[in-house]
Amino acid sequence: MLDVRDICKNFGGLRVSRDISMHLERGERRVVLGPNGAGKTTLFNLLAGTLKPTSGEILLDGARITNLNVEQRARLGLSRSYQKNNLFEGLTVRENLALAAATGEGKTSSFFSRAHESRSVRETVEEVAEMVGLADRLDTGVAHASYGNRRQLEVGLALATKPKLLLMDEPTSGVGPGMIDAFHRLIASLPREITIVIVEHDLDLGFDVADRISVLNYGEVVFEGTPDETKGSDVVREIYLGDWQGDA
Amino acid sequence: MFHQTPLKTFTVAAVIAALALYAILGGYFPREIVIEIALLAILAVSLDFVAGYGGMVSLCHGAIYGIGAYAFAGMTAIGGYDTVTATLVALAAAAAFGLFVGAVAANITGIFFIMATLAFGQMAYVVVFESRALGGDDGLSGIARYDLSAIGIDMNDSLQFALFCLAVVVIAYAAAAYVLRSTFGRTLSGIHSNEDRMRALGLTAWRHKAVAFSFSSMLAGAAGILAAQHTQFVSPELLVWTVSGEVLIVVILGGLGTLAGPIAGAALLVLLKHKIGAYTEHWHLVIGLFLVAAVMAGGRGVYGQIEYWLRQRAGRRADA
Ligand SMILES: Nc1ncnc2c1ncn2[C@@H]1O[C@H](COP(=O)(O)OP(=O)(O)OP(=O)(O)O)[C@@H](O)[C@H]1O
Ligand SMILES: [Mg+2]
């Protein structure tokens with residue numbers, strides 16, 4: 001469903017992404033690992049259209065999307081959550097999710113209707129709030145919400161457009177173990193036909209949810225394989241200095 | 001995000017009622033003041049729609065006001081068209097200009113957006129100023145007023161004309177409030193809050209902003225149509241950028257992003273101008289000090305500050 005072919009991204013002389021290729025099947029859960037500065041967020045920016053690759057092609061369902069902009073890709077069913085919270089400040093949790101749900105339905109331009117209060121949007125809002133654990137926080141102002149709640153909303157916004165391809169950049173960064181577990185269950189509960197790419201620092205979570213794992217280092221895919229293969233890989237062991245040796 | 005709160009309804013109703021009373025009880029001069037306030041209030045509502053709810057601070061609303069006035073004037077005085085056709089053409093002209101400015105400037109942010117609108121406004125000014133067909137710097141006269149005798153309104157009567165202008169303020173406010181609560185308006189609030197995220201959700205933000213700017217321009221054009229009928233004369237002065245500056249001052253004085261505040265702000269500014277102007281020529285200085293005080297006190301404007309206090313109090317009561 002997603003085909004990345006030899007994409008490179010240079011910032012001036014700095015080669016941040018180098019000949020990245022990956023192929024994702026529909027419904028696959030792919031975890032991207034890699035140390036700080038490896039180029040994981042840059043890869044997401046390239047996939048989502050925030051950045052244009054210096055060279056290479058990206059195909060979604062067989063169609064070239066390399067030259068499409070952010071909103072065009074989003075309308076094809078690509079959605080992302082950000083490493084740094086990127087919310088609608090000043091609005092409530094409900095209003096945040098309603099914006100995402102209505103925009104996801106393509107309802108943005110009517111002067112004479114109120115899509116954000118429509119039944120389908122309300123249902124999506126409640127459903128997503130339930131999924132990310134914000135059902136009892138719907139009327140909280142985002143500015144007053146706890147960090148954990150803001151993190152949940154970050155993922156909620158990405159889900160509320162009902163995407164086909166979901167990119168999540170360190171969704172559990174900075175949250176406690178309880179919320180990491182809840183996030184685990186959330187991923188497991190998502191419809192199987194959604195294709196998901198997750199950048200994750202938490203190796204246990206990564207191994208647990210992944211069908212396949214890609215490891216980035218210095219902008220290059222240095223390894224790709226199943227979680228078990230990853231655990232046994234020397235390259236990966238070297239990069240992570242034996243972080244999970246205890247588990248293996 | 002816009003909510004038509006009781007405080008907004010009360011404020012608009014109170015200001016309009018007070019002005020109507022002032023026009024009814026006063027003579028010719030108070031009515032002129034009321035008309036001046038009404039025109040400025042419509043402009044301020046239209047500017048607050050884009051600036052306060054879309055984050056697009058414009059310095060060309062004066063020019064758009066002038067375009068509305070000139071289009072109406074040209075259609076009636078030169079073209080000989082009826083006032084209904086002239087009105088539709090003038091609204092369309094203002095909306096089209098706004099759509100163009102909005103589309104070109106939509107991807108420009110911050111101070112550069114303001115400068116771009118200023119540049120477009122100045123261009124419109126120069127075109128009108130240089131245009132022989134539109135009378136150049138002499139302007140155009142002989143503009144017709146609406147003939148509303150069929151419904152018993154005499155637009156040549158200064159009181160009835162003033163009341164008509166106040167009615168248009170209410171219509172402009174209601175239209176802006178309605179759109180802000182619509183799907184379109186909610187989406188606009190989303191852009192104001194976080195444009196990048198709206199794009200990531202699939203919205204073509206620049207197009208949305210252009211349409212918002214166009215709608216706002218149509219309201220500004222409506223004020224221009226009234227201005228042309230008021231003096232039955234138009235000159236390039238209408239398009240001067242200081243008009244835009246004054247509208248922006250009104251919006252900030254009343255409360256940016258409150259919609260009701262700018263109407264109160266228009267009344268405040270014009271009354272201050274005339275009351276203080278009676279004593280000293282330096283009324284600008286007084287208004288300037290007023291504005292500085294308003295900005296220093298939190299930048300919420302007079303109405304915005306009241307709304308803020310009441311919300312704080314309600315919040316404390318809810319907490320207790
Ligand atoms: N716009 C930019 N201009 C120049 N360099 C950039 C830009 N964006 C990212 N970089 C550089 O590219 C490299 C990769 O950054 P990126 O944010 O993709 O890493 P990451 O793998 O997401 O790291 P982290 O785990 O810290 O989130 C870093 O060295 C970063 O400084
Ligand atoms: Mg990153």
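Chain naming here is simple, since letters A, B, ... match the order of the sequence lines and numbering starts at 1 in each. Computed from a prediction, not measured in an experiment: that's the story for all the values here.
In this structure, OG1 on A/T103 lies 13.0 Å from CZ on B/R186, to the nearest 0.5 angstrom.
Across A/R80 and B/R197, no two heavy atoms sit closer than the pair O-NH2, 3.3 Å. Looking at every heavy atom in both residues, B/S182 comes nearest to A/S110 through OG-O, 3.5 Å. Nearest heavy atoms, B/A200 versus A/A74: O-CB, 3.2 Å.
Looking at B/S193, its side chain does come within 3.5 Å of a backbone N or O of A/E89 through a donor-acceptor pair. With hydrogens and angles ignored, the 3.5 Å screen pairs a side-chain donor or acceptor of B/N194 with a backbone N or O of A/L87.
Among the residues in residues 141-170 of chain A, those with a non-hydrogen atom closer than 4.5 angstrom to a non-hydrogen atom of chain B are A/E154, A/L157, A/A158, A/T161.
The only member of A/S118, A/S113, A/S109 that meets side-chain hydrogen bond (donor to acceptor under 3.5 Å, both in side chains) when paired with B/T183 is A/S113.
Side-chain contact between B/L201 and A/E71 is absent, with no heavy-atom pair separated by less than 4.5 Å.
In the model, B/T204 has a side-chain atom that pairs as donor or acceptor with a side-chain atom of A/R75 under 3.5 Å. Between the side chains of A/N86 and B/D196, no donor-acceptor pair of N or O atoms lies under 3.5 Å.
Aromatic ring centroids of A/F111 and B/F215 lie under 6.0 Å apart.
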